[in-house]
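Below you'll find the structure, written out as structure tokens, and then a few comments.
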Amino acid sequence: MGVHDSIPPCLLAKESKQPFLLVKLRVKQKDVDFCLEKVVLRLGTEGDFKGYAHEWESEDIDCHLMGDGHIVHTPGEKKILILSRQGDSHKVTFKVLMEALPDYHLQWMDG
């Protein structure tokens with residue numbers, strides 16, 4: 001799974017309720033003293049995060065789990081319902097989806 005993909009196609013591949021992880025990645029840049037930060041959504045639960053973290057760390061990418069929840073995707077209506085706990089992470093999830101899918105109707109609920 002590429003680091004540059006904010007949202008992998010498998011997360012929205014079908015009409016269903018799927019668990020997601022919200023992760024902040026820090027990619028070290030060559031020949032400079034700063035990192036590129038990127039927030040991504042990945043399919044899975046907190047238990048799956050260890051596998052993702054191992055993969056990223058082997059590529060020298062720092063990662064931090066920011067939050068999790070579920071996404072209910074209705075592709076025919078171009079609608080996504082975000083189910084997550086209230087807090088900053090649901091706002092970031094909303095922003096990532098809005099930027100990646102500007103023609104979708106997004107809604108958040110505590111869940």
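Both backbone and side-chain heavy atoms feed into the values below; hydrogens, waters and symmetry mates do not.
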Interatomic spacing from NZ in Lys91 to CD1 in Ile82 - rounded to 0.5 Å | 13.0 Å

Step-by-step side-chain contact (heavy atoms from CB on, under 4.5 Å) determination, Leu22 to Val92 | CA-CA 8 Å; Leu22 180 68; Val92 176; 3.9 Å; yes

Stepwise ring pair (Phe, Tyr, Trp, His ring centres under 6.0 Å) check, Tyr104 with His73 = CA-CA 10 Å; Tyr104 265 67; His73 182 220; 5.6 Å; yes

Are any of the side-chain heavy atoms of His105 and Ile80 separated by less than 4.5 Å?
-> no

Hey, does Glu59 have a side-chain heavy atom less than 4.5 Å from the side chain of Glu55?
-> yes

Tell me, do Val27 and Lys38 make a side-chain contact under 4.5 Å, heavy atoms counted?
-> no

Are the side chains of Asp62 and Lys24 in touch, meaning some heavy atoms are under 4.5 Å apart?
-> no

From Leu83 CG over to Thr93 OG1, what is the distance, rounded to the nearest 0.5 angstrom?
-> 11.0 Å

So do Val96 and Val40 actually touch side chain to side chain, heavy atoms under 4.5 Å?
-> no

Are any of the side-chain heavy atoms of Leu81 and Lys79 separated by less than 4.5 Å?
-> no

Please round to the nearest 0.5 Å and tell me the distance separating atom OG of Ser84 and atom CG of Asp110.
-> 7.5 Å

Measure the CE-NE2 distance between Met66 and His90 for me, rounded to the nearest 0.5 Å.
-> 12.0 Å

Under 3.5 Å, is there a donor-acceptor pair between the side chain of Tyr52 and the main chain of Leu43?
-> yes

Residue pair Asp68, Arg85: steps toward the salt bridge (charged side-chain N to carboxylate O under 4.0 Å, His left out) verdict | CA-CA 8 Å; Asp68 64 337; Arg85 290 176 288 239; 2.7 Å; yes

Roughly how far, to the nearest 0.5 Å, is the CD atom of Glu99 from the CZ atom of Phe94?
-> 11.5 Å

With the side chain counted from C-beta on, respond yes when Glu57 and Cys63 share a heavy-atom pair under 4.5 Å apart, and no when they do not.
-> yes

Given Lys78 and Asp103, is the salt bridge (charged side-chain N to carboxylate O under 4.0 Å, His left out) satisfied, shown in steps?
-> CA-CA 7 Å; Lys78 289 192 170 189; Asp103 57 335; 2.6 Å; yes

Student check: side-chain heavy atoms of Leu65 and Leu21 closer than 4.5 Å | yes

Any chance you could measure Arg42, atom CZ, to Phe20, atom CZ, to the nearest 0.5 Å?
-> 13.0 Å

